[in-house]
Structure formats: C-alpha cells, structure tokens
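No hydrogens, no waters, no symmetry mates; every other heavy atom, side chains included, goes into these values. All figures in this text were calculated on a predicted structure; none of them were measured in a lab.
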Amino acid sequence: MGDRIDFRDGRWVVPDRPVIPYIEGDGTGPDIWRASQRVFDAVLTKVSGGKRRVEWLEVLAGEKAFKQTGNWLPEETLEAIRRHRVAIKGPLTTPVGGGIRSLNVALRQLLDLYACIRPVRYFAGVPSPMREPEKLDVVIYRENTEDVYTGVEYAAGSPEASRLLAFLRDQFGAKIRDGSALGIKPMSRFGTQRLVAKAIEYAIKTRRPSVTLVHKGNIMKFTEGAFREWGYEVAREKFAGNTIPETEAGKGKGDTGKVVIKDRIADSMFQQVLLRPEEYAVIATPNLNGDYLSDACVAQIGGLGMAPGGNVGDGYAVFEATHGTAPKYAGLDKVNPGAVILSGAMMFEELGWTDAAEAITRGLSGAITARSVTYDLARQMPGASEVSTSRFAECIIEHV
C-alpha cells in the first residue's frame with residue numbers, strides 16, 4: 001500500500017510510494033490510460049532504480065461512473081481526490097441536456113483548482129502549420145474559477161432573465177434588448193491575484209524572462225481592465241524584488257535579471273503568438289481568453305494530441321488531457337496518448353520529481369524523432385511508421 005501526498009507550508013510532501021487517483025476517461029480514455037500508465041511506471045523504475053513508484057487508484061467519473069452509479073461525478077471520487085490531493089484524468093464526456101454542465105469545470109470549481117496551466121512547446125518532427133513552430137514556448141496560466149465560466153446565466157424569456165433585465169433597466173438604466181439571454185461575468189481581486197502570483201512564482205522558479213497579462217480591458221474596463229490592474233498590483237506589492245514592469249525594463253537598464261511584467265490586449269495577443277512568439281514566456285489570463293488562446297497556441301505546435309494540462313490550487317491538483325474523447329476510435333488502440341503522458345510529466349514536475357518529468361519528455365521526443373508515431377502524426381509525416389497506442393508507449397520507453 002502507498003502513502004498519502006501532503007501539502008504543508010505551501011509545499012508538496014511526497015512519499016516514495018504515493019497513492020494517486022486516476023480517471024481513465026471516456027471514449028478512447030481506456031486505451032490512452034493503459035499506455036500512459038505503462039510509460040509512467042517504466043520511467044519511475046528507470047530513474048529511481050525502483051525506489052519510487054506510484055500506487056494507482058482508479059476513481060470514477062463520466063460515462064463509466066454514470067453506468068455504475070447513476071452519477072456523472074460521484075462524491076466518492078471527489079473525496080478520494082481530496083484525500084490524496086493529486087490526481088490525473090483522461091478525457092471526459094460532457095453530458096448533453098441535463099446533469100453537470102461540464103465535468104471538467106465541476107472538478108475545477110469543487111476543488112478550487114484556480115490555475116489551469118497549459119505548457120505549449122514544440123517537439124521536433126511533429127507536423128505543424130507554422131514555418132518556425134519551435135519559436136513558441138509558453139506556459140499559459142488561465143484563471144479557472146471566475147469569469148463567464150461560473151455558469152451564472154439565464155435563458156432568454158425565462159422568469160429569471162426577465163427579473164434581472166427589469167432590475168438592470170430600472171436601477172442602472174441599462175439598455176438591453178427585450179428577450180435577451182443574460183450572463184454574469186464575475187472577476188475579483190482575490191481570484192485574479194492568486195492566479196497571477198502563481199504565474200509569477202513559476203517564472204521566477206524556472207527563470208523565465210517575462211509574464212504577460214492578457215485581457216480585453218480596453219472594452220470591459222471594470223472586469224478585464226481590473227484583471228490587468230490587479231495583476232500589476234500583486235507583482236508590485238508581492239514580488240517587487242523579482243519583477244519589473246515592461247515600461248521600466250527598457251530604460252537603459254539592460255538585463256536586470258528580473259521577470260518583466262507585460263500586458264497585451266487579447267485580440268492583439270492572438271497576432272503576437274503568431275508573429276512574435278519568442279517574446280512571450282509565461283502568460284496569465286482570465287478564464288475565457290485563456291481557453292481560446294491556449295488552443296490557438298497548441299494548434300501552432302501540432303494540435304491537441306500533444307497538449308497537456310494541469311489544474312492546480314493550494315494543496316490540490318488534477319492533471320488532464322486537453323483533447324476530446326474521440327469515441328469512434330474507442331477500443332481500437334489507435335489514438336495518440338501524448339497529451340496524457342505529457343500531463344503526467346507535468347504532474348511529476350509539480351511534485352518535485354523532475355528527473356521523471358524530464359525522462360518522459362526525452363522519451364516522447366525520441367519516439368517522434370525516430371518517426372514511430374500514431375496515425376494522427378504519421379499521416380502528416382512522410383516516411384513515418386504508423387504504430388498503435390500501445391506500441392507508441394513502448395517507443396517512448398525505449399527512448400528514455
């Protein structure tokens with residue numbers, strides 16, 4: 001039996017044999033998880049000489065949970081993650097119609113996993129629509145619990161929408177069309193600053209040169225504009241010795257060794273990551289903008305099949321693939337497990353097992369360089385050998 005991961009004084013306390021819950025996922029999830037677990041176990045054995053290993057604990061969510069329990073996200077699953085603090089999951093189906101709006105959003109909100117972290121980097125040999133995809137190497141910190149994703153919205157013509165519409169008109173003189181659906185966009189200093197602080201802490205720890213606040217504050221002045229102001233405020237008040245605003249960084253001071261705090265309007269940032277990607281290292285953004293921007297960045301380096309993700313709070317974390325369930329390929333041992341495998345590398349890095357994280361990344365890079373890849377990559381790589389999900393995992397292990 002393994003031991004529990006703990007969290008003390010802002011740090012993970014990780015035993016040599018931690019229990020880590022996993023959700024295998026829907027659709028292609030079981031195929032992907034089998035391959036990923038095989039890589040994780042083999043890498044840990046190699047880098048630690050058998051000293052470290054993970055005791056994997058399956059917990060249920062999604063279709064498998066609904067079939068067995070009648071609940072898309074059983075309370076037992078939440079309790080297991082709370083108890084063991086760190087979990088990893090494959091892709092989950094979002095119920096259509098009733099039930100939970102989104103299982104992923106529900107997990108983030110119920111566990112207060114306020115930072116959605118998406119590292120985006122290029123692996124040599126992966127097909128890309130860009131001429132120089134290797135220039136993009138960013139880590140996106142997206143606020144996970146606020147903004148329009150809170151789900152506070154009311155259907156057009158509903159009694160709730162009618163009452164809210166009347167209130168806004170009567171009390172504030174708002175000019176809103178009859179029959180409008182209404183949604184609320186809450187953004188707080190607290191939510192913003194803990195997200196930006198985590199992004200800055202990461203930049204300092206990993207010696208990345210900048211953190212860029214991405215917002216639409218020119219239009220939404222009191223929500224996204226406040227995100228910008230609160231971001232600069234926390235940098236100034238909490239990290240004064242380690243950061244410098246972009247407006248001061250260029251005043252003949254040269255390289256100060258400090259993290260440069262920048263900000264960009266969201267629509268401009270979509271151009272910037274295409275035209276000047278090398279100028280950005282860490283990005284901090286509100287929820288909706290971060291969702292769009294992270295997928296746009298991932299498209300530049302080969303697509304969601306290679307896109308890991310982590311949802312991290314204070315003492316709790318869930319790592320996940322960022323792609324869908326691809327049910328038509330379920331059980332065919334065909335799809336790319338790279339996103340979950342790289343999410344595992346993120347998890348090990350978060351827990352301080354950097355040797356394992358680096359070994360996974362090295363193995364994946366080697367498999368791609370050897371051109372032994374799953375169908376999604378092979379069809380765009382002339383001369384590549386198409387291999388199954390399980391065989392791709394073996395190739396990764398061989399190249400660690």
(request) Tell me, with the steps shown, if Leu111 and Ile81 meet side chain to side chain contact (heavy atoms under 4.5 Å, CB included). (result) CA-CA 9 Å; Leu111 297 169; Ile81 297 174; 3.7 Å; yes
(request) With side chain to side chain donor-acceptor pair (under 3.5 Å) as the test, would you mind laying out the steps for Thr374 and Asp376 before giving the verdict? (result) CA-CA 6 Å; Thr374 49; Asp376 59 312; 2.7 Å; yes
(request) Step by step, work out the side chain to side chain contact (heavy atoms under 4.5 Å, CB included) result for Val126 and Ile301. (result) CA-CA 7 Å; Val126 173; Ile301 54 90; over 6 Å; no
(request) Evaluate salt bridge (Lys or Arg N to Asp or Glu O under 4.0 Å) for Lys64 paired with Glu58, printing each intermediate quantity in order. (result) CA-CA 11 Å; Lys64 189 172 183 178; Glu58 184 177 12; 2.7 Å; yes
(request) Take Ile397 and Lys46 through the side chain to side chain contact (heavy atoms under 4.5 Å, CB included) test and state the conclusion after the steps. (result) CA-CA 10 Å; Ile397 294 167; Lys46 283 192 175 185; 4.1 Å; yes
(request) Go through the steps to decide whether Arg121 and Thr361 satisfy the test side chain to side chain contact (heavy atoms under 4.5 Å, CB included), and finish with yes or no. (result) CA-CA 11 Å; Arg121 56 157 291 188; Thr361 302; 3.3 Å; yes
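At distances below 3.5 Å, at least one donor-acceptor pair connects side-chain atoms of Ser343 with backbone N or O atoms of Gly309. In this structure, Thr285 contributes its side chain and Gly290 its backbone to a donor-acceptor pair below 3.5 Å. Of the possible donor and acceptor atoms, none in the side chain of Asp16 sits under 3.5 Å from a partner among the backbone N and O of Arg52. A donor-acceptor pair under 3.5 Å links the side-chain atoms of Lys221 to the main chain of Asn218, judged by distance alone. When atom types are taken as modelled, the side chain of Arg208 and the backbone of Val282 share no donor-acceptor pair closer than 3.5 angstrom. Proximity of a side-chain donor or acceptor of Asp333 to a complementary backbone N or O of Ser388 within less than 3.5 Å is not detected. Under a 3.5 Å cut-off, the side chain of Thr45 and the backbone N or O of Asp41 do form a donor-acceptor pair. Panel note: side chain Thr145, backbone Gln109; no donor-acceptor pair is recorded below 3.5 Å. At least one donor-acceptor pair under 3.5 Å links the side chain of Thr243 to the backbone N or O of Phe239. When atom types are taken as modelled, the side chain of Thr389 and the backbone of Asn336 share no donor-acceptor pair closer than 3.5 angstrom.
Follow the hydrophobic side-chain contacts under 4.5 Å out from Val387 and you reach Leu332 in the same cluster. Under a hydrophobic-cluster definition in which Ile, Leu, Val, Met, Phe, Trp and Tyr are linked whenever side-chain heavy atoms come within less than 4.5 Å, directly or via other members, Leu78 and Val59 are assigned to the same cluster. Leu60 and Trp56 fall into different hydrophobic clusters, where Ile, Leu, Val, Met, Phe, Trp and Tyr are joined by side-chain heavy atoms under 4.5 Å apart, directly or via other members. Linking ILVMFWY residues whenever their side-chain heavy atoms come closer than 4.5 Å, directly or via other members, leaves Val312 and Tyr114 in distinct clusters. Transitive grouping of hydrophobic side chains (ILVMFWY, heavy atoms separated by less than 4.5 Å) brings Val196 and Tyr232 into a common cluster.
Side-chain polar atoms of Tyr149 and Asn144 form no donor-acceptor pair below 3.5 angstrom.
Residue Leu165 comes nearest to Arg177 through the heavy atom pair CD2-O, 4.0 Å, listed as atom of the first residue, atom of the second, then distance. In terms of heavy atoms, Val340 sits closest to Ile32 at CG2-CG2, 3.6 Å. Taking all atoms of both residues into account, the shortest heavy-atom contact from Ala356 to Val43 is O-CG1, 3.7 Å. Heavy-atom minimum distance, Ile368 versus Gly125: CG2-C, 4.1 Å. Taking both residues in full, the closest heavy atoms of Gly315 and Trp12 are given as C-CH2, 3.4 Å, listed atom of the first, atom of the second, then distance.
The number of heavy-atom neighbours closer than 6.0 Å to OH of Tyr292, taken from other residues, nucleotides and ligands shown, is 12 or below.
Remark: Arg163 is not positioned above the aromatic ring of Phe167, lacking an NZ or CZ atom under 6.0 angstrom from the ring centre and at most 45 degrees off the axis.
Under the 4.5 Å side-chain criterion, counting only non-hydrogen atoms from C-beta, Pro91 is not in contact with Asp26. Annotation: side chain of Leu110 is in contact with side chain of Leu73 (closest heavy-atom distance under 4.5 Å). For the pair Thr322/Val298, no side-chain contact is recorded, criterion being any heavy-atom separation below 4.5 Å from C-beta on. Put simply, the side chain of Glu224 reaches to within 4.5 Å of the side chain of Pro286, judged on heavy atoms. Residues Met269 and Asn289 fail the side-chain proximity criterion, which asks for heavy atoms closer than 4.5 Å. Counting heavy atoms from C-beta outward, Cys395 and Arg371 have side chains that stay 4.5 Å or more apart. Taking 4.5 Å as the limit, some side-chain heavy atom of Glu63 sits within range of a side-chain heavy atom of Trp72. Proximity of Asn287 to Glu146: side-chain heavy atoms (C-beta onward) are nowhere separated by under 4.5 Å.
Taking CZ of Phe319 as the start and CD1 of Ile88 as the end, the distance is 8.0 Å to the nearest 0.5 Å.
A salt bridge links Glu386 with Lys334; the closest basic N to acidic carboxylate O contact falls under 4.0 Å. Under the 4.0 Å criterion applied to side-chain N and carboxylate O atoms, Arg142 and Asp147 are not assigned as salt-bridge partners. Under a 4.0 Å N-O distance rule, the pair Arg194/Glu201 does not qualify as a salt bridge. Under the 4.0 Å criterion applied to side-chain N and carboxylate O atoms, Arg108 and Glu320 are assigned as salt-bridge partners. Taking the charged nitrogens against the carboxylate oxygens, Arg189 and Glu233 do have a contact shorter than 4.0 Å, which makes a salt bridge. With respect to the salt-bridge test (charged N to carboxylate O, under 4.0 angstrom), the residues Glu24 and Arg34 do not qualify. A salt bridge does not link Lys198 with Glu143: every distance from a Lys NZ or Arg NE/NH1/NH2 to an Asp or Glu carboxylate oxygen is 4.0 Å or more. Using a 4.0 Å cut-off between charged side-chain N and carboxylate O, Arg85 and Asp6 make a salt bridge.
Taking the six-membered ring wherever Trp is involved, the centroid distance between the rings of Tyr375 and Tyr329 falls below 6.0 Å.
The aromatic rings of Trp353 and Phe348 lie parallel to each other, with less than 30° between the two planes, well short of the 60° mark.
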